[in-house]
Each structure stands twice: as C-alpha cells, then as structure tokens.
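So the structure is just underneath, and the comments pick up after that.
The figures that follow rest on heavy atoms only: side chains count, while hydrogens, waters and symmetry mates do not.
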Amino acid sequence: MRWAALALLLGTAALARPQAVELQAFWGAGFPAAAPAYFGLQGRYEHAAAPWRLRLDGRLRLGAPVRGEGEAWLELAPAGWLRLRAGFAPWFAAPPAEGSGWGGRAEWAPGGSWRLAAVAEAAGVFGAGLGYVAGPLEAWVWARSDGPAFYARGARGRWCAVGWYRAGYAALWPRRAGLRLEARAGSWSGYGGWRSDTGVFLGGSWRGPLRLGIEGRWNPGRAAAAGLRAEYPLAPGVALAGRFDYAFRPFRAGSLGLELRVDAYAAPASQGE
C-alpha cells in the first residue's frame, strides 16, 4: 500500500543514529467529516555509508482513512558510475504530485553530466530515460511502457522552474502536463503555474513566528477553490496548525481543520545545540 513504506519511519527512528533523525507526532481533527479525528507521525532520516544510502522522508496519518506521502528508498552504489535504488518514490524523475509507487531504478553515469536510467514499478509501468544533470539544471526524456514523458527543472538565484509532460503513443496530446514557477525573497515565497488535471494555481507563504500560506486554483468551466494554512508555535517543540479550504465551483462547500504537532525527537543540530 501507498503508506506502507513510510511505516519504516517508526523502526528507523528507534534504531537510527541520534544526530540523523527527526520525528514529530501530530493529532488533528477536520470538520465536517464522518471520522474527523486522526493522529500520526512525520519525520526525516538520511544516512550514507558507502556503498549504501538510506533515505526516509514522509508523513504517515493513522486512523480512518490511513494516508501517507513522501518517499522511502535504499540505494547501492557499487561503482561511481552505477547506482541501484529500490523502495517507494517518484521513479520517473517527476514531481511527487505526479505519482509515486513501489519500484526500482538503475542509473548509469558514463561521464560528465549525462545519465542513462532504467525504471520498473510494481504497478507494471517500466521504461528507460536519458537525462542531463548539471548543478541546478536537470532534464529527462523518458520512453515509458505507457507513453513518452519529459521532465525538466532549473533554478537560478531566487527563481525555480519545473515542467513536465506525459502522453500516450497513440496520440501526443498530454495525459498529464504542467509548469510551476517559484520565487523566494527572505521570509516570503510565491509560486504559480498550470496543471492539466487541476488548471491554473497561484499561491504564496510567509515564514516567521506565525507561518502563513495561501493558494488558489481555477480550472475554467470546471472548478475553482482556495485554501489558507497557518501554523503557530505554542512552546518549544509544540505547534498548532490550522487550515481552511473553500470550493466555489462546481458547488460551494467549505472545510477546516486543526492539528497539534509535537516534536517526538529532533537532532541536536536542529534544536540549536
């Protein structure tokens, strides 16, 4: 299941080196909902000991229903030009929102910035890709079993751009495509773009004593919605988060939620020690 890989977070948190793991517990409730109360864990752990590398970064919400997001994988690099990776992740070098799953990936770097990769997912999708990775610039062209795909990401200074495209072999009209632009300036950040499945989106955030985030989405003729997020620290290691979402089309409906987050464990460096 989608969340099963993130359950590894629990065992890893108990066995990991103290300076490497961060773990947070949360409890929340949403309104309206048939089963509004929930709890869970979120955390991050990464450790490298040649030729192995382990990464866990995600959020596991327990209760009804169980939900998870993030990635969990183990990598073996037997040689400097070869990397073998298996676990749960977005394998085709695409934004996480475009889909993650169980699978594996073999990547070959013959030299310079060029990469060759082969991917197989448990869902039955497989393919090969040619990539170019040079600092903040990354681009991939994929020949997947279900159609061609393209992904590119670039950053310069405060700006970052991400684009993706996936189609079928019978027609080049995109099944999924999108473009996202992001800019940061101090405590402020803003983003905007377009996705073929949800339409135009625009949002921003401010990270200070009170963290705020706002986003609007508009799919012409289909849907329109907006959301507000806020997080306030109640005490060291304790924060209260809230959200409010409102849909304008195809029908008007609103929902809100509250979440209490408590640091279960944080690395000394992240605590300022």
**Request:** Please state whether the rings of W81 and W108 are parallel, tilted or perpendicular, taking 30° and 60° as the class boundaries.
**Result:** perpendicular
**Message:** Students often mix this up, so state it plainly: with edges at 30° and 60°, are the rings of Y45 and H47 parallel, tilted or perpendicular?
**Reply:** parallel
**Request:** Spell out, yes or no, whether V119 and W140 are grouped together once hydrophobic residues are joined by side-chain heavy atoms under 4.5 Å, including indirect joins.
**Result:** yes
**Message:** Between F150 and V133, is there shared hydrophobic-cluster membership here, with clusters defined by ILVMFWY side-chain heavy atoms closer than 4.5 Å?
**Reply:** no
**Fill in**
Heavy-atom nearest pair, S145 first then G124, reads OG-O, 4.1 Å
**Asked** salt bridge (charged side-chain N to carboxylate O under 4.0 Å, His left out): which pairs involve residues 84-93, sequence neighbours left out?
**Response** E75-R85
**Request:** Before accepting this row, confirm whether a basic side-chain N of the pair R180/E182 lies closer than 4.0 Å to the acidic partner's carboxylate O.
**Result:** yes
**Request:** May I have the step-by-step check of side chain to side chain contact (heavy atoms under 4.5 Å, CB included) for L74 and L54, ending in yes or no?
**Result:** CA-CA 5 Å; L74 179 65; L54 173 67; 4.2 Å; yes
**Asked** Below 4.5 Å, heavy atoms only, C-beta onward: do R53 and E46 meet side chain to side chain?
**Response** yes
**Prompt:** For R249, which residues count as a side chain to side chain donor-acceptor pair (under 3.5 Å) partner, sequence neighbours excluded?
**Reply:** none
**Prompt:** Got a sec: does the CZ of R158 have more than 12 other heavy atoms crowding it under 6.0 Å?
**Reply:** no
**Message:** Strictly distance-based, threshold 3.5 Å: is any side-chain N or O of W142 a donor or acceptor partner for the main-chain N or O of G127?
**Reply:** no
**Request:** Go through the structure and list residues passing ring pair (Phe, Tyr, Trp, His ring centres under 6.0 Å) with Y169, not counting sequence neighbours.
**Result:** none
**Message:** Keeping S205 on the side-chain end and G213 on the backbone end, is there a donor-acceptor pair under 3.5 Å?
**Reply:** no
**Message:** Running the 4.5 Å side-chain criterion over Ile, Leu, Val, Met, Phe, Trp and Tyr, what cluster does F201 land in, apart from itself?
**Reply:** Y191
**Prompt:** Nearest heavy-atom pair of A167 and P174: which atoms, and what distance?
**Reply:** CB-CA, 4.2 Å
**Item:** Shared hydrophobic cluster, L82 / L116 (ILVMFWY, side-chain heavy atoms < 4.5 Å)
**Value:** yes
**Request:** Please confirm whether the backbone N or O of Y132 pairs with a side-chain atom of S113, one donor and one acceptor, at under 3.5 Å?
**Result:** no
**Asked** What pair of heavy atoms forms the shortest contact from S100 to F88, and how long is it?
**Response** CB-CE2, 3.9 Å
**Asked** With a 4.0 Å cut-off, would you call D245 and R229 a salt bridge?
**Response** yes
**Asked** With A89, which residues qualify under side-chain contact (heavy atoms from CB on, under 4.5 Å), at least two apart?
**Response** E71, W73, W91
**Item:** W194 atom CH2, over 12 foreign heavy atoms within 6.0 Å
**Value:** yes
**Asked** Would F248 and L256 show up in the same hydrophobic cluster when neighbours are defined by side-chain heavy atoms closer than 4.5 Å?
**Response** yes
**Item:** Linked, directly or transitively: L228 and F31 (ILVMFWY side chains, under 4.5 Å)
**Value:** no
**Request:** Verify the distance criterion only: is there a donor paired with an acceptor across the side chains of Y151 and E138 at less than 3.5 Å?
**Result:** no
**Message:** Suppose the criterion is salt bridge (charged side-chain N to carboxylate O under 4.0 Å, His left out): which pairs have a residue in residues 141-156, not counting sequence neighbours?
**Reply:** R144-D146, D146-R166
**Taking every non-hydrogen atom, the tightest pair across L210 and Y232** = CD1-CB, 3.8 Å
**Item:** Close side-chain approach of W27 to V262, heavy-atom, < 4.5 Å
**Value:** yes
